[in-house]
**Student:** 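Have a look at this one.
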There are 2 protein chains.
Amino acid sequence: MVVGLREVAERAGVSVRTASNVANDFPHVAPETRRRVQAAIEELKYRPNTAARQLRRGRTEVISLVVPEISSPYFSELAAITVRVAAERGWTVHIDQTDGDADQERRMILGPAGRSVDGVLCSPWAVSPAELVELAAGPVVLLGERETDGVLDHVAIDNVRASREATLHLLARGDRVIGAIGAQPHLQNGTAELRVEGYRQALESAGLPFRTDLVMPVRSLHRPDGAAAVTRLLEVEPRVDAVFCFSDELALGALRTLLEQGRRVPQDVAVVGFDDIEDGRYSTPTLTTIAPDKTQIVRVALDRLAARIAGQTGSGAEAPLDLVVPHRLLIRESTTSVRTRKG
Amino acid sequence: MVVGLREVAERAGVSVRTASNVANDFPHVAPETRRRVQAAIEELKYRPNTAARQLRRGRTEVISLVVPEISSPYFSELAAITVRVAAERGWTVHIDQTDGDADQERRMILGPAGRSVDGVLCSPWAVSPAELVELAAGPVVLLGERETDGVLDHVAIDNVRASREATLHLLARGDRVIGAIGAQPHLQNGTAELRVEGYRQALESAGLPFRTDLVMPVRSLHRPDGAAAVTRLLEVEPRVDAVFCFSDELALGALRTLLEQGRRVPQDVAVVGFDDIEDGRYSTPTLTTIAPDKTQIVRVALDRLAARIAGQTGSGAEAPLDLVVPHRLLIRESTTSVRTRKG
DNA sequence: GCGTACGTTTGCAACGCTGCAAAGCGTGAA
DNA sequence: TTCACGCTTTGCAGCGTTGCAAACGTACGC
């Protein structure tokens with residue numbers, strides 16, 4: 001048996017409209033009436049029908065988060081934060097993963113966005129922002145990718161600067177032959193390019209050559225890719241002093257492989273990652289990394305999304321913003337001291 | 001401007017009903033009519049209004065997944081699989097996290113479940129199944145917890161057996177002083193108890209005493225808890241041969257701490273985890289662990305949920321099922337060989 | 001030529017809720 | 001006593017879609 005406001009109203013001896021008023025905390029309701037309706041609501045276990053409410057109000061209070069994959073630590077941490085921060089605004093989050101597939105990405109931004117969510121937070125991967133803007137049916141904020149040429153709001157850290165800082169840190173240690181792992185020429189989101197650029201700038205500023213043969217492309221950003229890439233790197237250039245990986249996962253894969261091949265980290269080879277995922281704080285050695293302020297990313301993105309949603313009815317669409325969020329370089333064991341160890 | 005079936009119908013010169021028929025692939029539509037309506041749909045970029053559809057049909061094609069936390073690797077892997085498997089059925093997934101908080105858990109199972117999702121997959125934590133069944137407003141399937149006394153469907157591995165196998169593996173190595181990390185006396189979901197029980201059974205079968213002082217309670221199942229617990233364990237019993245952790249995260253935290261304290265793994269102390277998260281495949285040393293068949297867990301749970309949803313209108317509610325899914329013991333470096341290493 | 005049957009199209013109503021605007025009611029001022 | 005005002009309650013309609021059942025048209029068999 002489905003309980004609607006009708007049943008509640010009947011039970012409390014009021015009109016449906018009054019029942020609705022109570023359910024929505026409308027101020028002008030007599031205390032006694034309110035009490036009676038409340039009681040009816042509880043006795044009948046009334047739960048508002050979201051679909052009807054949405055149909056009427058035109059809002060869902062649901063946003064969707066579209067990421068390449070949920071299970072990768074970076075995105076799962078981001079998702080967790082998003083759910084938490086969204087809750088502060090009374091939103092719930094619909095999470096979707098695209099598996100890095102362009103078609104799925106198109107479908108997700110178009111599909112769920114349709115009208116069942118109020119807005120979309122999207123980490124694009126295979127589809128360019130220019131195309132996304134065509135598809136978007138509602139407010140969309142992009143997370144962490146290249147400059148979008150002002151077609152859509154987007155929130156990210158300054159990837160070039162972060163990458164430059166990471167590389168400069170290695171140079172400051174005295175490393176001269178520095179490999180980079182994580183170029184992704186096949187992708188449209190452009191993040192990897194920015195990181196290569198920062199790496200290049202740092203080398204240049206130190207008067208060192210930018211060797212493209214030390215920039216290893218990867219298919220995805222996971223441990224196995226890092227493991228494979230570092231193996232290739234060692235073949236290309238056995239005398240490598242340090243490796244800068246464009247994700248912590250890559251770095252952890254590389255770390256593992258370096259140790260397997262008998263290279264001590266950081267004595268023989270230093271390793272820097274990117275993302276500051278939790279694993280890197282507990283690996284052996286712990287991982288030096290670029291830490292984007294994830295909570296800030298989410299907060300800024302949701303602020304922006306809220307503004308877009310609120311402004312939807314407004315007159316002129318505001319110009320898209322490129323929002324930059326701070327990051328830090330966290331120096332840990334993989335580029336500094338080594339712990340003492342038996343054996 | 002909102003495009004509805006009305007606009008499409010107008011444009012194509014047909015009735016709203018016919019437009020709806022085309023949008024829903026109703027078979028009895030003349031090819032020419034279909035073509036015209038299709039064209040209108042595309043030109044106007046018509047997207048069906050989910051709310052209205054749901055209101056009319058009574059179905060959302062959305063299920064919710066309620067987990068203690070998204071960012072922990074086990075749950076994020078589970079979530080990723082769920083999204084993927086659910087997609088095969090045409091469902092999308094609404095993910096919520098409770099932060100292990102009892103109230104939030106209650107709200108989640110009650111709230112989203114209300115009528116906005118067709119069913120709920122829930123990993124309970126702080127709330128007992130008995131209470132959950134009271135709250136549930138629709139089909140609910142529980143994941144991975146104690147026997148539910150038949151109040152709700154639930155899917156899990158055989159925790160007692162898995163835990164016994166892990167402990168027996170250590171015993172077979174010759175370990176005699178074996179600690180256990182991960183008791184959670186404050187929780188209601190009972191998983192930890194089952195694992196303690198399996199551990200106890202194994203020790204007993206080997207004629208060894210079950211020492212409660214070697215069973216370390218933890219607040220949550222993350223790396224820091226594992227790190228702290230193993231520190232306490234070493235204080236209680238410095239001569240420990242092996243540690244069985246009730247999650248891989250605990251194990252990774254323990255691993256790290258053991259190494260820091262100068263204990264080699266596995267030569268000095270062996271470590272076994274539970275969950276088979278990806279990190280354990282890339283740690284140093286790699287982690288021996290109990291691997292639940294996660295895909296199977298999700299598949300079975302969704303099958304069951306689908307059956308519940310389908311059977312909702314049926315007459316007698318079917319009796320709840322306890323579904324057991326297979327697991328394996330994956331033996332890796334943390335209980336066997338050590339890699340050679342320089343230095 | 002007519003009735004039947006089937007393929008195709010349609011109008012009506014309702015899913016449960018809330019915006020709107022007006023009606024009902026009680027109180028204090030004139 | 002009457003009027004105006006504000007608090008409270010109400011009815012109506014419609015959000016966009018689809019189930020239902022009837023209407024329409026055409027082709028076929030008798």
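Proteins get letters first, then strands, A, B, ... in listed order; numbering begins at 1 in each.
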**Student:** Taking only the side-chain heavy atoms of B:Leu55 (C-beta and beyond), determine which of D:dT9, C:dC15, D:dT17 contains the nearest atom.
**Tutor:** C:dC15
**Student:** Within the 4.5 Å heavy-atom criterion, are B:Val298 and B:Leu78 side-chain neighbours or not?
**Tutor:** yes
**Student:** Taking atom types as they are modelled, would you say the side chain of A:Arg56 forms a donor-acceptor pair with the base of C:dT18 within the 3.5 Å cutoff?
**Tutor:** yes
**Student:** Report yes if the side chains of B:Leu302 and B:Ile63 come closer than 4.5 Å at any heavy-atom pair, otherwise no.
**Tutor:** yes
**Student:** Tabulated below should be each protein N or O lying under 3.5 Å from an N or O of nucleotides 20-25 of chain C; please produce it.
**Tutor:**
residue, atom, partner, partner atom, Å
C:dC20, N4, A:Arg17, NE, 3.4

**Student:** Quickly work out the A:Glu10 CD to D:dT10 P distance and round it to whole Å.
**Tutor:** 13 Å
**Student:** So, is B:Thr18 close to the C:dT9 phosphate, meaning a side-chain N or O under 4.0 Å from OP1 or OP2?
**Tutor:** no
**Student:** Do the side chains of B:Arg106 and B:Val127 get nearer than 4.5 Å, heavy atoms only?
**Tutor:** yes
**Student:** Roughly how many Å is it from CG in A:Leu5 to C1' in D:dT9, rounded to a whole number?
**Tutor:** 15 Å
**Student:** Whole Å only: how far is the CG atom of A:Leu44 from the C1' atom of C:dG16?
**Tutor:** 15 Å
**Student:** Tell me what A:Asn24 touches on the nucleic acid: a base, only sugar-phosphate, or nothing, going by heavy atoms under 4.0 Å.
**Tutor:** sugar-phosphate
**Student:** D:dG11 C1' sits how many Å from A:Asn21 CG, rounded?
**Tutor:** 13 Å
**Student:** For B:Val14 and for B:Ala52, find the nucleotide of DNA chain C with the closest heavy atom, then tell me which residue's nucleotide is more 5'.
**Tutor:** B:Val14
**Student:** So A:Ser20 and A:Arg17, do their side chains get closer than 4.5 Å, heavy atoms only?
**Tutor:** yes
**Student:** Without decimals, in angstroms, what is the distance between B:Gln54 CD and C:dG16 C1'?
**Tutor:** 11 Å
**Student:** From D:dG16, C:dC17, C:dT8, pick the nucleotide closest to the side chain of B:His28?
**Tutor:** C:dT8
**Student:** Would you find more than 12 non-hydrogen atoms of other residues, nucleotides or ligands less than 6.0 Å from A:Arg6 atom CZ?
**Tutor:** no
**Student:** One thing to verify: whether A:Arg36 and A:Glu32 come together as a salt bridge, which I'm taking to mean a side-chain N less than 4.0 angstrom from a carboxylate O.
**Tutor:** yes
**Student:** Polar-atom pairs under 3.5 Å, protein N or O versus N or O of nucleotides 26-28 of chain D: list them with distances, or write none.
**Tutor:**
none

**Student:** Could you list the residues that satisfy salt bridge (charged side-chain N to carboxylate O under 4.0 Å, His left out) with B:Arg84, not counting sequence neighbours?
**Tutor:** A:Asp99
**Student:** Looking at B:Thr33, I'd like to know whether one of its side-chain N or O atoms comes within less than 4.0 Å of OP1 or OP2 on C:dT8.
**Tutor:** no
**Student:** Heavy-atom distance under 4.5 Å between the side chains of B:Ser72 and B:Leu221, does that happen here?
**Tutor:** no
**Student:** May I ask you to verify if any side-chain N or O of B:Arg53 is less than 4.0 angstrom from the OP1 or OP2 atom of D:dG16?
**Tutor:** no
**Student:** Whole-Å distance between C:dG19 P and A:Arg59 CZ?
**Tutor:** 12 Å
**Student:** Can you tell me how far P of D:dA21 sits from CZ of B:Phe26, to the nearest Å?
**Tutor:** 14 Å
**Student:** Looking at A:Val93, A:Asp118, A:Thr92, which one forms a side-chain contact (heavy atoms from CB on, under 4.5 Å) with A:Val62?
**Tutor:** A:Thr92
**Student:** Atom CG of B:Asn49 and atom P of D:dG14: how far apart are they, to the nearest Å?
**Tutor:** 18 Å
**Student:** The side chain of B:Ala30 lies closest to which of these nucleotides: C:dA13, C:dT9, C:dT18?
**Tutor:** C:dT9
**Student:** Here's a test of your reading of the structure: between B:Pro27 and A:Ser20, which maps to the more 5' nucleotide of DNA chain C?
**Tutor:** B:Pro27
**Student:** Among B:Leu321, B:Asp322, B:Val141, B:Leu143, which residue satisfies the side-chain contact (heavy atoms from CB on, under 4.5 Å) criterion with B:His154?
**Tutor:** B:Asp322
